[in-house]
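On a predicted model such as this, the values are computed, not experimentally measured, just so you know. Throughout, residue positions are numbered sequentially from 1 according to the sequence presented.
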Amino acid sequence: METESIVYFHPMQEGYKMTAAKKHWWESVTLLGKVLQTEAAGGFFVPVDCPVPPFSYKKRPWKQEILSSVMEEVMGAVPGMADAFLHPEIMTLVSEKSGRWETRRETVERLSAALLARCAADCLYQKGRVTVLLGRQEDTDWQMEMTGRLLSPYLPRINSLIFYYEEVEGTDIWEETAEELEMYGYEYGLVPAMKPYLASGEGLSCGREKCGGVILDYADTPRSPRVEREGQTVYADLTSSPEKEQGCMRKNGRILYSSPLKYLDTVVKNEYYRKI
């Protein structure tokens, strides 16, 4: 993984001075990115907090080219190789067909490893159960490889690993994933299960089997896994979907929801609260 710094662009919270984006005829637009301590992210990367205020020049909204330009300035000023992670509200302001501000996969993996270490490590060690909800079929290789790297620190304690996948006509999932699946058996004696999603009135779902321990979710849309009532399940939503978070909140505290977006929000807010 190449990325060393992750710049988190997010809407400015109350309490910040509203000066960063003001523009008058004698001054230029700037954003203020603050480099936080590596320890704030558990040592996985250098977090950079960059709040984006409303553009207050004549009450006009941000222009895409102006905002992109000042964001580039922040990216060039941080240490090491940098990548950006945009809050959805900021992404709507710089939506480009070029995909310039799309977070790299290496960065998503760093964020995912950090949130597992922070939110799911105890559950992985105690329960030893993991359910993986695979997403788009064309990304299967990357999802399987990333899952192996994410789980490698915990595999000696994992005794149940289930992958859910979308069936595609003419595709043999066992053949596509054979190399990754064999790794678990050769090194840890673990035999993962592969189960297809089931069609339902609302799309694809995981069926009636109950999940427990940790759920890793790569899917673009909710797959509605059933969760056992005993103990707490950790739901690691790697797509940072508000719909999935709301679904977890309705489970009366039985599911601890986490995502790259929620994790970065926590890192930034912890730094903010530390000052007051």
**Asked** Can any side-chain N or O of Arg157 pair as donor or acceptor with the backbone N or O of Tyr125 at less than 3.5 Å?
**Response** yes

**Item:** Heavy-atom side-chain proximity of Leu36 to Val46 below 4.5 angstrom
**Value:** no

**Prompt:** In terms of heavy-atom contacts, does CD of Glu179 have more than 12 from other residues, nucleotides or ligands at under 6.0 Å?
**Reply:** no

**Prompt:** Does atom CZ of Arg105 have more than 12 heavy-atom neighbours, drawn from other residues, nucleotides or ligands, at distances under 6.0 Å?
**Reply:** yes

**Prompt:** Salt-bridged, Arg149 to Glu109, with N to O below 4.0 Å?
**Reply:** yes

**Asked** Does NZ or CZ of Arg223 come closer than 6.0 Å to the centre of the six-membered ring of Tyr164, within 45° of the ring's axis?
**Response** no

**Asked** Got a sec, which residues hit side-chain hydrogen bond (donor to acceptor under 3.5 Å, both in side chains) with Tyr263, two or more places apart in sequence or on another chain?
**Response** none

**Request:** Kindly indicate whether the side chain of Met249, heavy atoms from C-beta on, has any atom under 4.5 Å from the side chain of Ile255.
**Result:** no

**Request:** Run the salt-bridge test on Glu228 and Arg129 with the 4.0 Å N-O cut-off and return the result as yes or no.
**Result:** yes

**Fill in**
Taking every heavy atom of Asp83 against every heavy atom of Met75, the minimum-distance pair comes out as C-CE, 3.5 Å

**Request:** Please report the shortest heavy-atom distance between Pro156 and Ser152, naming the atom on each side.
**Result:** CD-O, 4.1 Å

**Straight-line distance of Ser240 OG to Leu264 CG, nearest 0.5 Å** = 8.5 Å

**Asked** Does a donor on one side chain and an acceptor on the other come within less than 3.5 Å for Lys244 and Thr239?
**Response** yes

**Asked** Short question: side chain of Arg254, backbone of Val227 - any donor-acceptor pair under 3.5 Å?
**Response** yes

**Item:** Which atom of Ser5 lies closest to which atom of Val78, heavy atoms considered
**Value:** CB-CG2, 4.2 Å

**Message:** Test of understanding: with ring-ring contact (aromatic ring centres under 6.0 Å, His included), list the residues that count as partners of Tyr165, not counting sequence neighbours.
**Reply:** none

**Asked** If we ignore angles and hydrogens, is there a donor and acceptor under 3.5 Å between the side chains of Tyr235 and Ser259?
**Response** no

**Request:** Taking the side chain as every heavy atom from C-beta outward, state whether Leu216 and Leu151 have any atom pair closer than 4.5 Å.
**Result:** yes

**Item:** Any donor-acceptor N or O pair under 3.5 Å, side chains Gln137, Glu176
**Value:** yes

**Asked** Between the side chain of Thr266 and the main-chain N/O of Lys262, is any donor-acceptor distance below 3.5 Å?
**Response** yes

**Prompt:** Can you list the steps and then say if Tyr197 with Leu133 is a side chain to side chain contact (heavy atoms under 4.5 Å, CB included)?
**Reply:** CA-CA 9 Å; Tyr197 291 118; Leu133 311 183; 3.3 Å; yes

**Asked** Have Tyr257 and Asp237 got a donor and an acceptor in their side chains that come within less than 3.5 Å?
**Response** yes

**Prompt:** Heavy-atom distance under 4.5 Å between the side chains of Trp62 and Val70, does that happen here?
**Reply:** yes

**Message:** Which heavy atom of Val267 sits nearest to which heavy atom of Ala40, and what is that distance?
**Reply:** CG2-O, 3.7 Å

**Item:** Test item: Thr147 side-chain N/O and Gln143 main-chain N/O as donor-acceptor pair under 3.5 Å
**Value:** yes

Atom pairs and distances, donor-acceptor, side-chain atoms in residues 84-92, under 3.5 Å, two or more places apart:
| from | atom 1 | to | atom 2 | distance (Å) |
| --- | --- | --- | --- | --- |
| His87 | ND1 | Glu89 | N | 3.1 |
| Thr92 | OG1 | Glu89 | O | 2.7 |

**Message:** Just by distance, no angles: are the side chains of Tyr8 and Asp49 close enough, under 3.5 Å, to form a donor-acceptor pair?
**Reply:** no

**Asked** Donor-acceptor pair, Thr233 side chain versus Gly212 backbone, under 3.5 Å?
**Response** no

**Prompt:** Are the side chains of Glu166 and Arg136 in touch, meaning some heavy atoms are under 4.5 Å apart?
**Reply:** no

